[in-house]
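Heads up, the thing below is written out as structure tokens.
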Amino acid sequence: MSFRTLRTFHYRNLADAEIELSAPEIFFVGENGQGKTNLLEAIYFLCFGASFRTRADSLLLRHGEREMSLQGAYVAGAERGEILAKIDGAAKEIRLNGKVVRDRKELLAASPCIVFSHDDLLFVSGSPEERRRFLNQTMSLHDPLFIDLLRRYHRLLKLRNAALRERRRDLVELYDGELAESGLSIQERRERASGEFNEIFRPLFRSISGLDGELDLRYAPSWRRGARPEEIRSLLGSRYETDCELGTTSSGPHRDRLHFSLAGRDFSKSASTGQLRLMSLILRICQASYFSKATGRKPLLLLDDVLLELDPVRRERFIGALPASDQVVYTFLPDERYAAFRSSSTIVYRVEKGAIIG
Amino acid sequence: MTTLDLLVQNLSRLPGIGRKSASRIAYYLLKADRSYLATVARQIAELPDRIRSCSVCGNYTEEDPCSVCADPRRDRTVLCVVEQPQDVQTIDATNEYHGLFHVLQGVLSPIDGMGPEKLNLAGLLERVRREGVREVIIATNPTVEGDTTGLYVVRLLKGSGVAVSRLASGLPVGGDLEYADRTTLARSLKGRTPLST
Ligand SMILES: [Zn+2]
């Protein structure tokens, strides 16, 4: 998919504007703090109904305002559409072609985008939770049922934990069976997805990084591989006392881990920051490819200042490996040699003090 | 704060009413004629006195027992277990169900301090034991809380000798019975899945 126009109103530090985006590549060029990343964030917000930088929607309001809106006209295949996002005080409303979106997952059907940002480093060197987030996101992009499954599991987990804190064994046992079922289902899907993901990731990492040896994304589930629901139920039962003392459920997919292993060793620990950075970018490329492979659709790519940190050889390989997309939106610093990446159809905007100046 | 502000504030506590709608309603009331205002005000004020829970099923009613429980044409061997009184109306409106109801008055949710003792479960067991019930249909909402509450009821009725089925198929996941359209609801009433007890 690609956006044709973006309109912003009372959004962050940006001057209210309607921005023409009808090109396969858009460059937003500006110093830090001038608003170029806010523009990427606006596009992302239209795609997912949330920001990739903050969970607090109130931060998207211009200082002193209580209302803001974003509007984007897009093209996806033969289909034209429009997304409107509004924040009014604490209320958020998103409309897809005029219809109110009740669940953000409805947006996925219309407009997926993949953002490459500095924070992606957390996918490879961050906490287990942040690594799981990458896998969850990759799977959710093309599989709304996985979203339902995750939501169900986390709701059950919350209920079970509340029951643990009250030492309500009858209720804990009630949730154990359900938790085992939905948890195992998540585990199976993660197992399968990480295997498929590796098929894309392994060769691509080798060709871009130039490193010897295979880098593997390893999925390490908290529960035994291939376990049956009864086994998990009795495991949960046997940990009842421990879990009560902890006040939380000590095993399950919310404790799954992801490792990156190079020749059998944990690469996240031995890799340089540059290598980790590169790895996170390649993960994003694979996420986009995985999505395209699963759906036959091309995502919109958003690249936030990430080319800067690659050496020229890897930068070239990286750009060459970007999956087919209908549109790529980049941000650059003014002194970056961005001209080398532009083509005749690229739209280049200078962003200064929240306004587009040409 | 002015009287109008306070009214807007109170109206915006109503479900589905935001601040904007609340102020539209308030301005409408400001212009409405006095007899209309008096009638609505009286109806609202009298609600808790006139309407109570049916002592048999827990449905809202002005007479006790409620019109459903008192209806001699109903099949008294079937009980449909629902979360809230408004679910009784929703299911009744399908015209596919002719048995009696049992309102739990909530769902199990330890997060909100809702344990089994807060639900009308004792009344359910009592009815099953004494009133010749042969079938219980569990029609809690297809949410995690609704599902697990349904499961709790299934376990509770184990060994009681009644057939238990679950109304589930076709309802939107995470949805409310209240919002399910009638045909979907009617279909799921017909195609209810029997559970072994
Ligand atoms: Zn009644």
Side-chain angles (χ1 to χ4, degrees), chain A residues 66-67 69 86-93 100-106 143-183 185-186 229 233 236 240 243-244 247-249, chain B residues 8-9 12-24 83 104 106-119 121-122 125 138 140-158 164 166 168 170-176 178-181 195-196:
Chain A
R66 59 169 287 133
E67 261 185 305
S69 71
K86 257 191 205 170
I87 294 174
D88 182 353
K92 170 158 72 174
E93 185 183 86
V100 175
V101 171
R102 297 200 173 276
D103 187 329
R104 291 200 296 117
K105 74 180 184 196
E106 291 167 35
D143 187 2
L145 290 177
F146 186 70
I147 302 176
D148 292 339
L149 198 55
L150 277 179
R151 285 179 183 168
R152 184 177 169 83
Y153 178 81
H154 282 284
R155 190 72 200 161
L156 282 164
L157 196 62
K158 220 171 147 184
L159 289 166
R160 185 179 193 270
N161 290 344
L164 283 170
R165 286 190 286 272
E166 311 237 311
R167 290 197 168 254
R168 301 277 327 218
R169 189 152 201 165
D170 57 339
L171 291 185
V172 172
E173 278 172 359
L174 179 70
Y175 300 131
D176 283 356
E178 301 293 294
L179 201 70
E181 295 262 352
S182 66
S185 183
I186 290 173
R233 228 168 31 215
L236 289 167
Y240 174 76
D243 284 0
C244 274
T248 185
T249 303
Chain B
V8 170
Q9 203 177 61
S12 62
R13 278 172 54 185
L14 296 172
I17 305 290
R19 243 197 124 67
K20 266 186 198 158
S21 315
S23 101
R24 263 172 53 209
E83 291 178 15
L104 292 175
V107 277
L108 293 176
S109 176
I111 300 167
D112 310 302
M114 288 294 288
E117 65 287 343
K118 298 249 173 94
L119 301 181
L121 291 165
L125 277 179
I138 295 168
T140 47
N141 286 328
T143 57
V144 172
E145 287 84 348
D147 278 350
T148 44
T149 304
L151 196 61
Y152 190 90
V153 174
V154 172
R155 293 194 185 166
L156 199 66
L157 294 175
K158 214 168 205 164
V164 181
R166 174 90 174 97
L171 290 179
V173 177
D176 272 313
E178 219 184 320
Y179 298 114
D181 66 82
L195 305 167
S196 54

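In what follows, chains are A, B, ... by sequence order, proteins preceding strands, each numbered from 1.
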**OP:** Write out, in numerical order, the residues from residues 12-19 of chain B with a heavy atom short of 4.5 Å from a heavy atom in chain A.
**Re:** none
**OP:** Before giving the answer on side chain to side chain contact (heavy atoms under 4.5 Å, CB included), spell out for A:E93 and A:V100 the whole-Å C-alpha distance, their side-chain angles and the decisive distance to 0.1 Å.
**Re:** CA-CA 7 Å; A:E93 185 183 86; A:V100 175; 4.1 Å; yes
Original post:
Is the shortest distance from a Lys or Arg side-chain nitrogen in B:K20 or A:D88 to a carboxylate oxygen in the other one below 4.0 Å?
Top reply: yes
Original post:
Of the backbone (N, CA, C, O) and the side chain (C-beta and beyond), which part of A:D103 lies under 4.5 Å from a heavy atom of chain B, both, or neither?
Top reply: neither
Subject >> Structural part of A:R168 lying under 4.5 Å from a heavy atom of chain B >> reply: side chain
Subject >> B:R24 atom CZ: more than 12 heavy-atom contacts under 6.0 Å >> reply: no
Original post:
Are there more than 12 heavy atoms of other residues, nucleotides or ligands under 6.0 Å from atom NZ of A:K86?
Top reply: no
Exercise: identify the closest heavy-atom pair between [X] and [Y]:
| X | Y | value |
| --- | --- | --- |
| A:A180 | A:P229 | CB-O, 3.8 Å |
| A:V101 | A:E106 | CA-OE1, 3.7 Å |
| B:V153 | B:L121 | CG2-CD2, 4.0 Å |
| A:T249 | A:D243 | CA-OD2, 3.7 Å |
| B:D147 | B:R166 | OD1-NH2, 2.7 Å |

Original post:
Are there residues of residues 171-178 of chain A that reach to under 4.5 Å of chain B by heavy atoms, and which ones?
Top reply: A:L171, A:E173, A:L174, A:Y175, A:E178
Original post:
Residues of residues 154-164 of chain A under 4.5 Å from chain B (heavy atom pairs)?
Top reply: A:R155, A:L156, A:K158, A:L159, A:A162, A:A163
Subject >> Any donor-acceptor N/O pair, A:S182 side chain to A:L149 backbone, under 3.5 Å >> reply: no
Original post:
Considering residues at least two apart in sequence or located in another chain, which fulfil the side chain to side chain donor-acceptor pair (under 3.5 Å) criterion with A:K92?
Top reply: A:D57
Original post:
Under 4.5 Å between any side-chain heavy atoms of B:T140 and B:E145, yes or no?
Top reply: no
Original post:
Any side-chain heavy-atom pair from B:L157 and B:L125 closer than 4.5 angstrom?
Top reply: yes
**OP:** Decide yes or no on side chain to side chain contact (heavy atoms under 4.5 Å, CB included) for A:Y153 and A:E181, but give the supporting numbers first.
**Re:** CA-CA 9 Å; A:Y153 178 81; A:E181 295 262 352; over 6 Å; no
